[in-house]
Amino acid sequence: MITILLGPPGSGKGTQAEMICKNYQLTQISTGDILREKMKENTAKAEKIRRIMGTGKLFPDKLINKLVRKKIMKLFELNGEFRLLFDGYPRTIEQADFLYRKLKKIGEKIDCVLVFELADKYIVDRISARRIDRKTGKVYNLISNPPKENEDVDLYQRIDDTAEVIQNRLEIYHSQTAPLIEYYDKFQLVEHIDASLELETVQQNIYNILDRYK
Ligand code: ADP
């Protein structure tokens, strides 16, 4: 089972990804998480990643495809069965073509592309309230999904979660990533998800779809 989560920043992909992976025993491949992990190191490369990430611009396709190829091949060598969830990848047509070819080579294919739909006007507010726990990497939202009172968390805000960078990321999403909806529609893989609903409702709607692919 191979699923892709596609949608604007702040539409809840990361939060849902975690729950989906647990429920269907999928391995999550989030290029944003991989980059943030690399960013933590104290190296020149980490500094370069921090600089690009801080602008909200996309990283070069070549670099991202290489990261994904490594991850896929490692999992392919480990497991006979391939159960993946992509979150934040692919983000351009070039990345989508690459993924298609890579999977085809190893006899695999994408089962389903969940398109998260959320109007731009909600996104800035949502992302501004997003916080991450330093220790676990778990994503919270101060308004819609705050940590519980007794939860021991050390929250921080992502460097690209400021109002002006969010605007940039949105523009990039519409110009470079949204065309992938039509791309995958041609393969009849697209399922639309109303991401403006409550977390649990979104989750249930996703499960209703993914149960068909188990
Ligand atoms: P969000 O979905 O909230 O925008 P991500 O964590 O997926 O956040 O990505 C954060 C940033 O990491 C992006 O703005 C971009 O700079 C970089 N990035 C992540 N995935 C990709 C990708 N597939 N291609 C290019 N850049 C990426």
Side-chain angles (χ1 to χ4, degrees), residues 2-18 20-21 28-40 45-72 84-103 110 113-118 120 122-133 137-142 144-145 156-181 183-184 193 195 199 202:
I2 300 180
T3 303
I4 292 174
L5 304 188
L6 194 69
S11 57
K13 299 183 304 286
T15 308
Q16 296 292 341
E18 203 185 311
I20 298 169
C21 285
Q28 184 179 350
I29 299 186
S30 160
T31 40
D33 285 349
I34 298 174
L35 291 167
R36 273 186 292 278
E37 204 46 50
K38 289 190 183 294
M39 208 164 78
K40 282 188 197 155
K45 201 168 158 198
E47 185 48 43
K48 203 172 160 197
I49 295 176
R50 213 169 291 135
R51 265 208 313 274
I52 301 180
M53 186 85 91
T55 65
K57 285 195 191 127
L58 294 186
F59 285 68
D61 288 327
K62 243 188 163 162
L63 183 140
I64 297 287
N65 285 338
K66 200 170 142 194
L67 288 179
V68 170
R69 184 182 58 219
K70 264 199 204 154
K71 195 104 193 170
I72 290 181
L84 301 181
L85 181 85
F86 289 96
D87 158 27
Y89 180 90
R91 253 178 161 92
T92 63
I93 300 279
E94 196 171 322
Q95 292 179 15
D97 279 339
F98 177 84
L99 181 64
Y100 173 79
R101 289 196 309 270
K102 193 79 231 158
L103 291 175
I110 296 155
V113 178
L114 298 173
V115 175
F116 283 48
E117 282 167 354
L118 186 66
D120 286 4
Y122 300 116
I123 288 177
V124 179
D125 286 347
R126 262 207 197 185
I127 301 190
S128 307
R130 172 156 69 186
R131 298 290 182 279
I132 325 248
D133 180 27
K138 203 170 164 218
V139 181
Y140 295 89
N141 185 291
L142 296 180
S144 61
N145 183 24
Y156 75 96
Q157 188 170 28
R158 268 169 50 172
I159 53 170
D160 55 344
D161 276 355
T162 59
E164 63 204 278
V165 181
I166 296 168
Q167 210 52 48
N168 259 348
R169 286 159 61 199
L170 267 178
E171 278 165 28
I172 291 168
Y173 173 76
H174 288 299
S175 61
Q176 303 205 49
T177 308
L180 290 181
I181 301 171
Y183 175 100
Y184 284 122
I193 301 293
L199 218 118
V202 176

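Order of appearance sets the numbers: ligands from 1, and atoms from 1 within every ligand. These values consider heavy atoms only, across backbone and side chains, with no hydrogens, waters or symmetry-generated copies. As the structure is a prediction and not an experimental result, all values here were calculated from the model. Along the sequence shown, residues carry numbers from 1.
For the atom pair CD of Gln176 and OG1 of Thr92, the computed distance is 7.0 Å after rounding to the nearest 0.5 Å. We find the CG-NZ distance between Asn145 and Lys138 to be 6.5 Å, quoted to the nearest 0.5 Å.
Between the side chains of Tyr89 and Asn65, at least one donor N or O sits under 3.5 Å from an acceptor N or O. In this model, a donor atom of one side chain and an acceptor atom of the other lie less than 3.5 Å apart for Tyr183 and Asp97.
The pair Arg169-Asp161 meets the salt-bridge criterion, since a charged nitrogen lies less than 4.0 angstrom from a carboxylate oxygen.
In terms of the side chain to side chain contact (heavy atoms under 4.5 Å, CB included) criterion, residue partners of Arg51 (sequence neighbours excluded) are, by chain and number, Glu47, Lys48.
When heavy-atom distances to ligand 1 are checked against 4.0 Å, the residues falling inside are Pro9, Lys13, Thr31, Gly32, Leu35, Arg36, Met53, Gly56, Lys57, Leu58, Phe59, Ile64, Gly88, Tyr89, Arg91, Gln95, Arg130, Arg158, Asp160, Arg169, ordered by chain and number.
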